[in-house]
Amino acid sequence: MLFTATIFFIVFLICYLRPHYGLVVLLNINLIRNLINIDIVNPCLKCTSENDVVLGALLPILGFFIIIYRISFSKKVVYSFDFFDYFISATLLLLIYTSAVSNHIYESFEYTLRYIFLCIPFFVITKLYFLNSKNFENLLYKILEFSMNFALVFGLIAVVVVLVSGYEEEYAEYGVIMRLTIQGVHPIPFAQSIGLGLISSLFLILRNIKKQIKSNLLFFKTALLTIILLYTNTRGVIISFVISMFFVLVFSMKKPTISKKIISVFLITTALLSSVVLFLLDFESLFGRFYSDESALISVFLRFVSIEDSMDIFINNLFTGIGPVGFSYISDLPYPHNFVLDYLVFFGIFGLIAALSFIIFSIDILRVTNAYKENNYLFVILFSIFIFYAAETQVSFTLWMHKGMYLALGLFMANYSIHKRR
């Protein structure tokens, strides 16, 4: 009770005083609420906590209302509708309709309420807040720095627990690899938090290239976050991070101009980090899940099962879909674990239209990023964060869980609207 009250007070205070930090805190509320489960004597990294209605649902909803209240302080509140607003509206209407005709009405409407209150706000309120902010760029970099430090704190907590407890994977002899996380938290959201922090640190390095001391500190933080991310052994998130960085490299940016001195520091840091990974750390602990026959085969098999079941459901329910929870009653999996397949299974042909529209939208914001990258570097930052979360939606989670992607799109579309007004 004391723990819950303390978390409530701290999160409320952050959302009121610093709403931009509050959005990051609400995004990672699952990590925060599981601090109470940390056990440095006998940790269980495989254990996940039960749903917490108070801290997992009520607190985020009230946090969003506090941010809305802060936005109301603005003399003139503005909001511009874009494709994603209409995409969300269409998804919501489809969820309500398919839930009403579903064989599992109660569960379906519960799913819909989660989408409304725990997912949509990450786009709508994020965009609303930043559209009415006085300095978008400054607030964005504050978010990046906060995300980096947040990831570092929780990452180091997880590392300390493992080191102090002497944790060893219980089934290591059978090829099971340890996945670093906070006890009670699934490795995927933990890894996403670390991944966002790592992306943030890289962009902060680029911004602080003229401040040598600060850059060196950022290099050190980046190295720590890289090692921590690797130890999460979460393939989807690590691959998503690589894809995100690939797009950053593809954009032939003229800015920022990186001095030879900084390039030298970066190469030296990379070489040292690579040496640590290769010679001091356990290679199998870092990359075992990428080549482990058992792990890889099971994962690939389940993905094929998901695709096969989803296509059968789509073909047999072409015009109606089966609603948001019907998949678990037909397949061995709880949901398709794929953003596009979710739409096909849940909504049938209408879901296919929606999914194709989203793909076209994603290609369009790629075009926008490439077109404006030299005049507005923030597009590159925001697109890389979007693609980091969007790539993971192809292998993990279900619609109401894609909070990070919604937050990234809220930031991107706010920046786009502000840029077009100038």
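Numbers here are sequence positions counted from 1. All values reported here derive from a predicted model rather than from experimental measurement.
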Got a donor-acceptor contact below 3.5 angstrom from the [X] side chain to the [Y] backbone?
X	Y	answer
Ser417	Ala414	no
Thr234	Gly236	no
Asn135	Asn138	yes
Asn338	Gln394	yes
Lys127	Ser80	yes
Ser240	Tyr389	no
Thr232	Leu229	yes
His337	Tyr335	yes
Asp85	Phe81	no
Thr126	Phe123	no

Which atom names give the shortest non-hydrogen contact between [X] and [Y], and what distance separates them?
X	Y	answer
Gln192	Glu392	NE2-CG, 3.4 Å
Pro324	Leu95	CB-CD2, 3.8 Å
Ala391	Ile243	CB-CD1, 4.2 Å
Ser244	Ser384	OG-O, 2.8 Å
Val78	Leu128	O-CD1, 3.5 Å
Leu196	Ser147	CD2-OG, 3.9 Å

Can you tell me how far apart [atom1] ([X]) and [atom2] ([Y]) are? Round to the nearest 0.5 Å.
X	Y	atom1	atom2	answer
Thr4	Met1	OG1	CE	7.0 Å
Asn415	Thr369	CG	OG1	9.0 Å
His402	Cys119	NE2	SG	7.5 Å
Leu140	Leu378	CG	CG	5.5 Å
Leu399	Thr112	CG	OG1	10.0 Å
Ile199	Leu204	CD1	CG	12.0 Å

Distance-only polar pair, side chains of [X] and [Y], donor-acceptor under 3.5 Å:
X	Y	answer
Ser49	Asn34	yes
His20	Tyr129	yes
Lys76	Asn132	no
Tyr329	Glu107	yes
Tyr343	Thr91	yes

So that I know where these two stand, are [X] and [Y] an aromatic pair - ring centroids less than 6.0 Å apart?
X	Y	result
Phe383	Phe379	no
Phe154	Phe150	yes
Phe65	Tyr69	no
Phe386	Phe412	no
Phe87	Phe84	yes

Could you walk me through whether Tyr115 and Ile88 satisfy the side chain to side chain contact (heavy atoms under 4.5 Å, CB included) test, starting with their C-alpha distance in whole Å, then the side-chain angles of each, then the deciding distance to 0.1 Å, before giving a yes or no? CA-CA 10 Å; Tyr115 182 74; Ile88 289 174; 4.0 Å; yes
Are any of the side-chain heavy atoms of [X] and [Y] separated by less than 4.5 Å?
X	Y	answer
Phe397	Pro189	yes
Leu139	Ile143	no
Val77	Ile71	yes
Asp309	Leu333	no
Pro121	Tyr406	no
Met148	Leu152	no
Lys373	Asn370	yes
Tyr167	Leu45	yes

Just one of Phe8, Phe9, Tyr16 clears the ring pair (Phe, Tyr, Trp, His ring centres under 6.0 Å) bar with Phe12, so which one? Phe8
Are more than 12 heavy atoms from other residues, nucleotides or ligands located less than 6.0 Å from atom [atom1] of [X]?
X	atom1	result
Phe117	CZ	no
Tyr97	OH	no
Leu13	CG	yes
Phe246	CZ	no
Arg18	CZ	no

Using the side chain to side chain contact (heavy atoms under 4.5 Å, CB included) rule, take Ile322 and Val345 through it: C-alpha gap first, then chi angles, then the decisive distance, then the call. CA-CA 6 Å; Ile322 58 171; Val345 169; 3.6 Å; yes
Where does the angle between the aromatic ring planes of [X] and [Y] fall among parallel (under 30°), tilted (30 to 60°) and perpendicular (over 60°)?
X	Y	answer
Phe361	Phe358	tilted
Trp400	Tyr111	perpendicular
Phe251	Phe247	tilted

Does Thr98 have any side-chain hydrogen bond (donor to acceptor under 3.5 Å, both in side chains) partners at least two apart in sequence or in another chain, and if so, which? none
